[in-house]
2 protein chains.
Amino acid sequence: MTRTPVWKSIAAALEADIAAGHYGAGDKLPTEAALASRFGVNRHTVRRALGDMSERGILRSRRGAGVFVEAPPTEYPIGKRVRFHQSIRATGRLPQRRVLRLESRPGDAGETKALELNAGSMVTVCEGLSLAGETPIAHFISVFPQDRLPGMLHTLEEVTSVTEALKLNGVADYVRRETRVTAEMPSATQALHLRLRESDPLVKTVGINEDMEGNPVEYGQTWFAGDRVTLTFSND
Amino acid sequence: MTRTPVWKSIAAALEADIAAGHYGAGDKLPTEAALASRFGVNRHTVRRALGDMSERGILRSRRGAGVFVEAPPTEYPIGKRVRFHQSIRATGRLPQRRVLRLESRPGDAGETKALELNAGSMVTVCEGLSLAGETPIAHFISVFPQDRLPGMLHTLEEVTSVTEALKLNGVADYVRRETRVTAEMPSATQALHLRLRESDPLVKTVGINEDMEGNPVEYGQTWFAGDRVTLTFSND
DNA sequence: AGAAACTATACAACTAGACAAATCATACGC
DNA sequence: GCGTATGATTTGTCTAGTTGTATAGTTTCT
């Protein structure tokens with residue numbers, strides 16, 4: 001008789017609730033147990049509905065915490081000027097960076113080549129997370145030439161915006177020379193930091209920013225949580 | 001689908017930090033609360049990681065004071081006497097070897113030359129993993145001269161320490177004649193065995209041990225997981 | 001008979017919050 | 001200058017709640 005499975009109608013009911021504004025982005029749904037009793041079914045049946053919605057990106061569950069309504073993906077424009085803080089602020093959320101590592105060391109072959117330095121030149125490395133509000137968006141490793149920007153290490157300890165840090169080091173403006181995009185699977189640590197499963201793919205961008213004289217000032221690798229961000233390219 | 005528990009990734013990340021020298025012996029780690037927010041998890045999850053590391057002797061915590069680095073994961077001294085079991089035990093952890101391959105065969109050109117044997121002489125080969133506690137530290141291939149040490153093949157089946165195996169074959173003591181160090185990227189198999197990404201570099205050492213009469217008794221190649229081990233050289 | 005949907009139970013992993021106990025830094029009194 | 005009181009920090013412990021996963025059994029439809 002029941003042509004449609006129970007779990008599908010549960011998913012539909014929950015989607016209707018969300019569409020009606022009953023639950024907004026970021027809100028916590030009732031617990032699986034509560035939903036199970038509300039719909040008069042077993043918890044596993046609810047879980048199937050929730051699992052389906054999670055796969056479609058509507059929900060995200062955190063073990064031990066609950067199930068939450070996911071925000072629609074952030075539009076991240078990549079063009080001549082790539083500015084993280086501006087992009088996030090445009091979506092009405094608070095851009096943040098959390099620094100995981102900050103060090104000076106000799107650059108490896110790839111880094112010195114990208115920054116057009118002599119082999120073995122010192123570089124300043126900043127690794128961290130980009131957040132929109134509370135949600136981690138991306139994991140990045142930025143490499144700066146230390147001889148051209150000797151004060152970056154110190155500046156980055158106090159300033160979280162790259163744009164601002166560069167400005168404080170004499171780079172008033174900078175533009176993106178090139179951006180390469182690939183897909184990668186997250187390492188265990190990345191999955192942890194970005195709060196996603198090891199099976200969720202990342203979008204990796206490798207980019208070089210140069211100052212107005214054409215000198216490279218930053219070689220950056222960024223791993224975006226694929227389903228939280230939509231990269232958009234424009235030639236402006 | 002979280003294959004590796006979160007707390008294990010946290011422990012691994014902290015161990016890597018310690019191995020990289022971000023926190024030295026005796027240093028105080030960030031507070032549990034700070035680590036929790038850095039990794040985006042609950043404090044209890046951090047505590048589980050710290051507890052695991054404490055059990056392995058890497059950390060020591062004092063109520064009200066903080067968590068301190070007891071011993072860096074692996075300071076691996078390379079000098080006249082290179083003793084894997086001693087080095088690991090000194091860090092308060094259980095040294096282990098897991099044998100992957102054990103065989104006798106004619107030695108190739110490089111092996112017979114290093115061991116000062118006639119071309120085509122038989123050698124005993126032992127390939128395996130070195131572990132500190134649960135953590136794989138290195139992948140090694142040891143080659144022994146079979147005519148000087150005919151019993152090694154059998155002894156190595158029962159004894160995990162090279163020092164002990166050599167002693168049982170009449171080599172009471174031995175010293176390192178020379179050690180060469182290079183960097184290599186791991187093969188897929190090595191990455192798997194050492195539980196690291198194929199992008200994580202290895203430190204490769206090639207060494208010759210000789211008995212007190214100056215006869216080579218072991219020609220060993222070892223690939224260390226670069227972020228878990230710090231090789232230290234001394235001329236004692 | 002077999003597959004799909006659903007139920008039932010149990011445990012592991014993680015979150016959340018609260019409070020106790022030890023430690024540390026600082027100000028105060030003398 | 002020195003000991004002490006005090007309050008903030010930090011780890012240790014406890015209770016409770018939530019999601020993830022595994023196993024096994026029942027119903028229903030074809």
Side-chain angles (χ1 to χ4, degrees), chain A residues 1-14 18 23 26-70 134-136 186 188-200, chain B residues 1-14 18 23 26-70 134:
Chain A
M1 294 295 186
T2 53
R3 45 176 66 246
T4 56
V6 178
W7 66 266
K8 275 198 179 177
S9 23
I10 293 178
L14 290 175
I18 293 172
Y23 305 114
D27 283 1
K28 179 179 181 295
L29 289 191
T31 66
E32 293 175 349
L35 289 173
S37 92
R38 162 177 157 193
F39 290 108
V41 298
N42 189 271
R43 180 162 82 96
H44 285 69
T45 309
V46 169
R47 279 182 63 72
R48 182 144 185 195
L50 297 179
D52 178 66
M53 295 172 73
S54 294
E55 272 188 6
R56 286 186 287 137
I58 302 173
L59 303 177
R60 178 165 300 269
S61 55
R62 284 172 51 212
R63 172 184 294 205
V67 179
F68 301 82
V69 179
E70 184 76 341
E134 290 297 307
T135 321
T189 326
Q190 283 180 321
L192 182 65
H193 281 136
L194 295 175
R195 289 183 214 169
L196 38 81
R197 287 167 294 181
E198 291 184 35
S199 56
D200 295 334
Chain B
M1 198 64 83
T2 15
R3 227 184 57 73
T4 52
V6 174
W7 65 266
K8 274 196 180 177
S9 320
I10 294 177
L14 290 175
I18 294 173
Y23 308 112
D27 283 3
K28 180 177 179 296
L29 288 191
T31 67
E32 293 175 346
L35 289 174
S37 93
R38 164 178 157 191
F39 288 109
V41 299
N42 190 270
R43 191 184 137 220
H44 287 64
T45 309
V46 168
R47 279 182 64 72
R48 181 146 186 197
L50 297 178
D52 178 69
M53 294 173 74
S54 295
E55 271 187 6
R56 287 186 284 140
I58 300 172
L59 302 178
R60 188 171 52 90
S61 56
R62 286 168 44 211
R63 171 187 289 202
V67 180
F68 300 84
V69 178
E70 184 76 356
E134 290 298 308

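As the structure is a prediction and not an experimental result, all values here were calculated from the model. A note on names: the letters A, B, ... follow the listed sequences, proteins ahead of strands, and every chain is numbered from 1.
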### Message
If the cut-off is 4.0 Å, is A:R62 near the phosphate of C:dA16, judged by side-chain N/O to OP1 or OP2?
### Response
yes
### Message
If you compare every side-chain N and O of B:S61 against the phosphate oxygens of D:dT10 (OP1, OP2), does one of them come in below 4.0 Å?
### Response
no
### Query
In whole angstrom, what separates B:H44's NE2 from D:dT18's P?
16 Å
### Query
Going through the checks in order, is the side chain to side chain contact (heavy atoms under 4.5 Å, CB included) test met by A:K28 and A:T31?
CA-CA 8 Å; A:K28 179 179 181 295; A:T31 66; 4.0 Å; yes
### Message
Output the rounded distance in Å from CZ (B:F68) to P (D:dT11).
### Response
8 Å
### Task
Find the distance B:R60:CZ to D:dG12:C1' and express it as a whole number of Å.
16 Å
### Toward the 5' end of DNA chain C, by each residue's nearest nucleotide, B:R48 or B:G64
B:R48
### Whole angstrom value for the distance that separates C1' of C:dC24 from NZ of B:K28
10 Å
### Message
Counting only side-chain nitrogens and oxygens, does A:R47 get under 4.0 Å of the OP1 or OP2 atom of D:dT19?
### Response
no
### Task
In whole angstrom, give the distance that lies between atom CG of B:L59 and atom P of D:dG12.
11 Å
### Message
Around atom NZ of A:K8, are there more than 12 heavy atoms from other residues, nucleotides or ligands closer than 6.0 Å?
### Response
no
### Query
Atom CG of B:L35 to atom C1' of D:dT10: distance rounded to whole Å?
12 Å
### Query
Using 4.0 Å as the upper bound for N to carboxylate O, is an ion pair formed by A:R48 and A:D52?
no
### Task
Please state how far atom CG in A:N42 lies from atom P in C:dC6, giving the value in whole angstrom units.
10 Å
#### Entry: Phosphate contact (C:dA16 OP1 or OP2) by B:R43 side-chain N/O below 4.0 Å
no
### Query
What's the verdict on side chain to side chain contact (heavy atoms under 4.5 Å, CB included) for A:R195 and A:T135, showing C-alpha distance, side-chain angles and the deciding distance?
CA-CA 9 Å; A:R195 289 183 214 169; A:T135 321; over 6 Å; no
## Note on the structure
Distance col, row B:N42:CG vs B:E32:CD, nearest 0.5 angstrom, shows 10.5 Å
#### Entry: Among D:dT19, C:dT23, D:dT10, the one nearest A:T31 by side-chain distance
D:dT19
### Query
Roughly how many Å is it from CG in A:L50 to P in C:dC6, rounded to a whole number?
14 Å
### Query
Can you check whether B:T45 has a side-chain N or O nearer than 4.0 Å to OP1 or OP2 of C:dT15?
yes
